[in-house]
Amino acid sequence: MASSNHFISFAIAVILLPAVAFATEYVVGDDNGWTTNFDYQAWAKGKVFYVGDTLVFNYIAPNHNVYKVNGTAFNDCIVPPDSEKFTSGNDKIELKTAGNKWYLCGKSGHCSTGQKLSITVSNSSAPQPAPSSSSAPAAIFFSVYQVFIALVVILGVVNID
Ligand SMILES: *[C@@H]1O[C@H](CO)[C@@H](O)[C@H](O)[C@H]1NC(C)=O
Ligand SMILES: *[C@@H]1O[C@H](CO)[C@@H](O)[C@H](O)[C@H]1NC(C)=O
Ligand SMILES: [Cu+2]
């Protein structure tokens, strides 16, 4: 009895997990934080960013900032006047849509010395969560079926004399 309860709890957890577990928080530059003279393209290389993930920019507040810009501004290290700006020093930016995203520091000379990050965000509906959430109902069905059969056997309901 206890084991069937455990199994059902486990099965429910398996269904609920993908929604939460795959939202990753990325600290940009890891322990280096958001600074000049760091290769953020090398940092981003090999990482796969999904919609729902979050970027965290850590820096000492007045010394840097984060602007979300477009590709042209990124390449030229300029900040268009209408750009979204972050200044807290612990800026958490959720990746809400798929596509290319560009960020840079607006302090004079910082972008041109490497304080810029470009990433590509993928639709989260892509490969990861899909298989586990679609196989979970089948797992529950079979476990319930097995528990039922076990009960039938234990209770001796199949006493066909
Ligand atoms: C980037 O933004 C600037 C200023 O808002 C604009 O003039 C330019 O056309 C934009 N470039 C692209 C590729 O969207
Ligand atoms: C992401 O998914 C949305 C809705 O399913 C779609 O409209 C959009 O084009 C997709 N974007 C990319 C980059 O695949
Ligand atoms: Cu800076």
Side-chain angles (χ1 to χ4, degrees), residues 6-145:
H6 284 153
F7 197 95
I8 290 178
S9 302
F10 171 77
I12 289 169
V14 165
I15 296 171
L16 297 180
L17 256 180
V20 239
F22 290 103
T24 308
E25 198 171 86
Y26 292 98
V27 176
V28 176
D30 298 312
D31 289 344
N32 299 281
W34 181 234
T35 184
T36 52
N37 299 305
F38 185 85
D39 189 347
Y40 289 99
Q41 289 327 112
W43 173 84
K45 198 164 190 267
K47 293 184 173 66
V48 182
F49 301 94
Y50 288 100
V51 171
D53 290 349
T54 300
L55 295 179
V56 183
F57 292 85
N58 287 327
Y59 55 92
I60 306 294
N63 300 349
H64 303 285
N65 54 42
V66 182
Y67 283 97
K68 186 172 186 297
V69 299
N70 67 19
T72 312
F74 180 85
N75 288 331
D76 298 346
C77 277
I78 56 165
V79 180
D82 57 343
S83 302
E84 202 177 345
K85 185 183 189 182
F86 304 87
T87 58
S88 78
N90 177 235
D91 305 330
K92 301 190 177 188
I93 303 178
E94 188 187 344
L95 305 170
K96 292 191 175 130
T97 58
N100 297 323
K101 313 288 167 189
W102 299 273
Y103 307 92
L104 55 77
C105 177
K107 296 284 175 174
S108 179
H110 290 200
C111 175
S112 56
T113 52
Q115 197 171 7
K116 59 199 298 203
L117 168 69
S118 97
I119 60 168
T120 300
V121 179
S122 306
N123 266 327
S124 52
S125 56
Q128 283 186 332
S132 53
S133 54
S134 62
S135 63
I140 288 180
F141 172 77
F142 284 114
S143 72
V144 169
Y145 179 74

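Each ligand, and each atom within it, is numbered from 1 in the order the structure gives. Count residues from 1 along the sequence.
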Student: Rounding to 10°, state the angle centred on the Cu ion (ligand 3) that links SG in Cys105 with ND1 in His110.
Tutor: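 Taking the Cu ion (ligand 3) as the apex, I get 120° for this pair.
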Student: Output the list of atoms in ligand 1 that are nearer than 4.0 Å to some heavy atom of Thr72, sorted by atom number.
Tutor: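 In order of numbering, the contacting atoms are 11 (N), 12 (C), 13 (C).
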Student: Considering all protein heavy atoms, does one lie under 4.0 Å from atom 2 (O) of ligand 1?
Tutor: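 For atom 2 (O) of ligand 1 the answer is yes, since some protein heavy atom falls inside 4.0 Å.
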Student: So if I count the atoms of ligand 1 from 1 in the order they appear, which ones are less than 4.0 Å from some heavy atom of Pro80?
Tutor: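 Those of ligand 1 that fall under 4.0 Å from Pro80 are 4 (C), 5 (O).
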Student: Right, does atom 9 (O) of ligand 1 have protein non-hydrogen atoms nearer than 4.0 Å?
Tutor: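 Looking at atom 9 (O) of ligand 1, one finds that no protein heavy atom lies closer than 4.0 Å.
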Student: Are any of the side-chain heavy atoms of Val51 and Ser122 separated by less than 4.5 Å?
Tutor: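 No - every pair of side-chain heavy atoms lies 4.5 Å or more apart.
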Student: About how many Å separate OG1 of Thr36 and OH of Tyr59, when rounded to the nearest 0.5 Å?
Tutor: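 Spacing of OH (Tyr59) from OG1 (Thr36) equals 14.0 Å.
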Student: If you measure from the SG of Cys77 to the SG of Cys111, is it under 2.5 Å?
Tutor: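 Disulfide present: SG-SG distance under 2.5 Å.
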Student: Check for a donor-acceptor pair, side chain of Lys101 on one end and backbone N or O of Leu117 on the other, with a separation under 3.5 Å.
Tutor: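 Pair absent, no side-chain N/O of Lys101 close to backbone of Leu117.
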Student: Looking at atom 14 (O) of ligand 1, what's its closest protein heavy atom, distance included?
Tutor: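 Checked against all protein heavy atoms, atom 14 (O) of ligand 1 sits closest to Asn70 ND2, 3.2 Å.
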Student: Looking at every non-hydrogen atom in both residues, tell me the closest pair between Leu95 and Tyr103 and how far apart they are.
Tutor: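 Heavy atoms of Leu95 and Tyr103 come nearest at CD2-OH, 3.5 Å.
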Student: Numbering the atoms of ligand 2 from 1, which are under 4.0 Å from a heavy atom of Ala98?
Tutor: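 That gives atoms 11 (N), 12 (C), 13 (C) of ligand 2.
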Student: Angle at the Cu ion (ligand 3): provide the value between ND1 of His64 and OE1 of Gln115, rounding to 10 degrees.
Tutor: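 Value, to the nearest 10 degrees: 90°.
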Student: Could you go through the side chain to side chain donor-acceptor pair (under 3.5 Å) check for Lys85 and Tyr67 one step at a time?
Tutor: CA-CA 5 Å; Lys85 185 183 189 182; Tyr67 283 97; 3.3 Å; yes
